[in-house]
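Working notes, structure below.
In what follows, every chain begins at residue 1, and chains take the letters A, B, ... in the order their sequences are listed.
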Amino acid sequence: MVSLQNVTKRYGAFKAIQSISLNIKPGEIHGIIGASGAGKSTLLRMMNLLEKPDEGDVIINNKKINHLKGKEIRNIRQSLGMIFQGFHLVGNKTVFDNVAVPLEIAKIAKKNRTERVMESLRFVGLEAYKDKYPRQLSGGQKQRVAIARAIVNNPSVLLCDEPTSSLDPTTTMEILEVLKQINQQLNVTIIIVSHEMEVIRSLSERVTVMEDGQIYEVVEIEPTGVNKSTKGAATFVEQLKSGGDSNPS
Amino acid sequence: MIPILPKVLVEYQSEIWESIVESSIMVGFSVLAALLVGLPIGTFLFLCRKGQLLENRLVFSSLNLLVNIIRSFPFLLLVIFMIPFTRFVMGTAIGTAAATLPMMVIAIAHYSRLVEQSLLDVPKGVIQAAVSMGASVKDIIFKFLYVESRSALVLSMTTSTISFISYSTIMGVVGGGGIGDFAIRYGYLQYRTDLMVYIIIIIVIFVQIIQYSGITLARKIDKR
Ligand SMILES: Nc1ncnc2c1ncn2[C@@H]1O[C@H](COP(=O)(O)OP(=O)(O)O)[C@@H](O)[C@H]1O
Ligand SMILES: [Mg+2]
């Protein structure tokens, strides 16, 4: 699936990642947690070569990809979806057109795109919003569009860099539920980076804990599941009363 | 329309029309050059910047310097400096067609700089998301950069076009003609101040129309 072998990443003299090896299992939801600056994003971004490792190998589906060039890297990236904290939608494109972009890039014929875009939007519950522009959406809705865009080309892996860190707790839970469904129903391996314990604990089966560019420990856990029984104000009250620690930072 | 026009405009109407056509040719070709050459050069300049997709310090600084030199050249001197080159390319250095060449050169430099600046406003994260999707540089340019910066590109073109009109007014020095040259020849050299004032009003009206259209279009296509 996705595997890193002794990867090191330097920024000048500074080692952001120090000889890390990590095997992601097919079908798992793998959490990566650590303090800000621990190297989580850098590690994740090496998996689709947004950052090239200075040493070591990145292996996708039993193939070393870190020495590939141009078109070959682009083809690999088309099979790995990615979402970000800041959503990064194209503001001048409608929801539909945003989601269609990866299909255009993959040169899927126009007549076959519509159905796939709508299927993807249906999955995240935003069919009715297809003609809206991103500025007309809430943060949670924007992230759903970004998710629809990331899965529209049927990726085998979804990379998530702090996908809920700019969302409120309720919306966070909704997004995590969508991610869980993507994992279970579409059989997509998910690697999720977050500095929030609650987020990692609710989804992940294995968690890589990072510190100073190294792996501190890889922990197997029983995911607590996504709490979506309460909504809005009730969630805040409940968390306050239970001394909730959903956001330790 | 015609009856309310001042007599002097009616009197010179054929010359005025002719000079408007000359100006339109010079400005029109400048706009065309800006779009066909300035847009790609500005895009390339942007992509070669530090931290961008085609980062290349040598290419960036050379191209950047060239654009700066052309833009800081006093325009009248550029026109005269280019005369041998213009003669070589166009066969003559005199007339509207010949005057169009230096106009096109300045138009390319002018617009490419504004394009580069416009593209800087595209959020880095959007470009990053594009790369993560496996987009090629061409995909990124046409499906992301131009889409996201289209209002800025239209406004830049508006600003450029208005500058081109201003540049075109001095093309009389190489026999380029045009409305500015008309105002100078008749209004100044033949002491027809009233005629000059009317011509200036006509130019101002043109500029207003361009400015208004540009802003309206830019607003209409901005969905961010
Ligand atoms: N492009 C870069 N240039 C220089 N330093 C960087 C760059 N990207 C990340 N870093 C540094 O590498 C370290 C790890 O960054 P990052 O992976 O973003 O951490 P995290 O995602 O865990 O907060 C940080 O100290 C950060 O400052
Ligand atoms: Mg990070």
(message) Heavy-atom pairs under 4.5 Å with chain A: which of B:Lys138, B:Lys124, B:Arg224 has the most?
(response) B:Arg224
(request) Please state whether the side chain, the backbone, both or neither of A:Leu80 comes within less than 4.5 Å of a heavy atom of chain B. (result) backbone
(message) Contact between A:Thr171 and A:Thr164 at the side-chain level, heavy atoms closer than 4.5 Å - yes or no?
(response) no
(message) Please determine whether a side-chain nitrogen of the Lys or Arg among A:Arg116 and A:Glu119 lies less than 4.0 Å from a carboxylate oxygen of the Asp or Glu.
(response) no
(request) Mind telling me whether B:Phe81 and B:Phe73 have parallel, tilted or perpendicular rings, with 30° and 60° as the class edges? (result) tilted
(request) Name the region of B:Ile221, side chain, backbone, both or neither, that has any atom closer than 4.5 Å to a heavy atom of chain A. (result) backbone
(message) So if I apply the side-chain contact (heavy atoms from CB on, under 4.5 Å) rule between A:Val99 and each of A:Leu89, A:Val145, A:Ile147, which one comes out positive?
(response) A:Val145
